[in-house]
Amino acid sequence: MKRAVTLSALACLLAVTAAAPAASGTPAPARRLAPAHGRQASALDTVPRRGVLRVCTTGDYRPFSYRDPGTGSYRGVDIDMAQDLARSLDAKPRYVPTTWAGLVGDLSAGRCDIAMGGVSITLARARAVSFSEPTRTDGKTPIVRCADKDKYGTLEQIDRRGTTVIVNPGGTNEEFARAHIKHATLKVHPDNTTIFDEIIAGRADVMMTDASETRYQAKLHPELCSLHPEKPFTFSEKAYALPRGDHDFTAYVNQWVHLATHDGTYRTYENVWMGE
């Protein structure tokens, strides 16, 4: 009973102390709200004012984001989604070229408002940026010459001396390959738009990338086969990366993604590019 009375008295004393500044003529609410005046404006407000949504994208990852080297124009599932998001904000998209190694840094440095184009959620990335609701699930799986489809179905079959595994630098493909390839030769190819030609030409045997990409590339190149894309080696989700701390914009993008993935908008764009 004495402890309860003591805690009650202490609570009263703290309440009186907290109220004292207001009684002395300095309103407590004004002091608490002061930091808000220095808060950076949300992209939810600046994008419509600017009329431009700045989108960081690599442009090398079909079917999500591809930059045509001849025209410089972008196309893909997430390019269509970027246009849809920009319209919802009374703006137009402006694509900011980036790389897989530089994507997080470019977004964090404020060079763009959002990063789109088949971006996988990882905990390492989540330490530096925020992510929207996922748009789809995915996972790493092999793509090989169809003549070799019975040779490389498992990691054990792939990671053998005499096998050349090819990978593009700076993203989750390289991270996965370096974590699992100990005996096979690992070949880093800098251009993700021509990397599959290396397998066709016999200069590499296997690439392990997201099942969505292997399906798409197998459709583009009949010589290549996607191996067990319905049962990939890993589980991952794709989403859109956003600057940390902009809670208003993140909440808006989350709501937009939620609607797009439930009202058929995302599926419509995906079907155009993937035919699934």
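- Screening Asp80, Asp78, Ile79 for a side-chain contact (heavy atoms from CB on, under 4.5 Å) involving Trp273 leaves a single residue, Asp80.
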Could you go through Trp256 and Asp84, starting from their C-alpha distance and side-chain angles, then the distance that decides it, and tell me whether this counts as side-chain hydrogen bond (donor to acceptor under 3.5 Å, both in side chains)? CA-CA 9 Å; Trp256 167 76; Asp84 190 278; 2.8 Å; yes
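- In terms of modelled atom types and a separation under 3.5 Å, the side chain of Thr194 and the main chain of Asp197 share no donor-acceptor contact.
- Panel note: side chain Asp148, backbone Lys151; no donor-acceptor pair is recorded below 3.5 Å.
- No hydrogens or angles considered: nothing links the side chains of Lys238 and Thr135 as a donor-acceptor pair under 3.5 Å.
- Interatomic distance, Gln217 CD to Phe196 CZ, rounded to the nearest 0.5 Å: 4.0 Å.
- By the 4.5 Å heavy-atom criterion applied to side chains, Asp205 and Ile199 are not counted as neighbours.
- Side chain of Thr163 to backbone of Asp159: no donor-acceptor contact under 3.5 angstrom is found.
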Please step through ring pair (Phe, Tyr, Trp, His ring centres under 6.0 Å) for the pair Tyr269 and Tyr266, ending with a clear verdict. CA-CA 5 Å; Tyr269 295 147; Tyr266 184 83; 7.8 Å; no
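- A parallel orientation is assigned to the rings of Phe176 and Phe233, their planes being inclined by less than 30° (bins at 30° and 60°).
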Could you please spell out the steps behind the side-chain contact (heavy atoms from CB on, under 4.5 Å) verdict for Arg54 and Arg111? CA-CA 8 Å; Arg54 300 170 304 162; Arg111 298 186 182 96; 5.7 Å; no
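- Of the N and O atoms on the side chains of Thr234 and Ser236, not one donor lies less than 3.5 Å from an acceptor on the other residue.
- Here the CD-CE distance, from Glu270 to Met81, works out to 10.0 Å after rounding to the nearest 0.5 Å.
- Annotation: side chain of Leu186 is not in contact with side chain of Glu174 (no heavy-atom distance under 4.5 Å).
- At least one donor-acceptor pair under 3.5 Å links the side chain of Arg50 to the backbone N or O of Val52.
- Residues Val129 and Pro243 fail the side-chain proximity criterion, which asks for heavy atoms closer than 4.5 Å.
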Working for side-chain contact (heavy atoms from CB on, under 4.5 Å), residues Met207 and Asn168: CA-CA 9 Å; Met207 181 178 181; Asn168 59 310; 3.4 Å; yes
Passes side-chain hydrogen bond (donor to acceptor under 3.5 Å, both in side chains), Thr57 versus Ser65? Steps please. CA-CA 7 Å; Thr57 192; Ser65 170; 2.6 Å; yes
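- A side-chain donor from one of Ser212 and Asp138 sits under 3.5 Å from a side-chain acceptor of the other.
- Just one of Asn173, Val165, Val167, Thr141 meets the side-chain contact (heavy atoms from CB on, under 4.5 Å) condition when paired with Met208; it is Val165.
- Atoms CZ and CZ, on Arg244 and Phe131 in that order, are 12.0 Å from each other to the nearest 0.5 Å.
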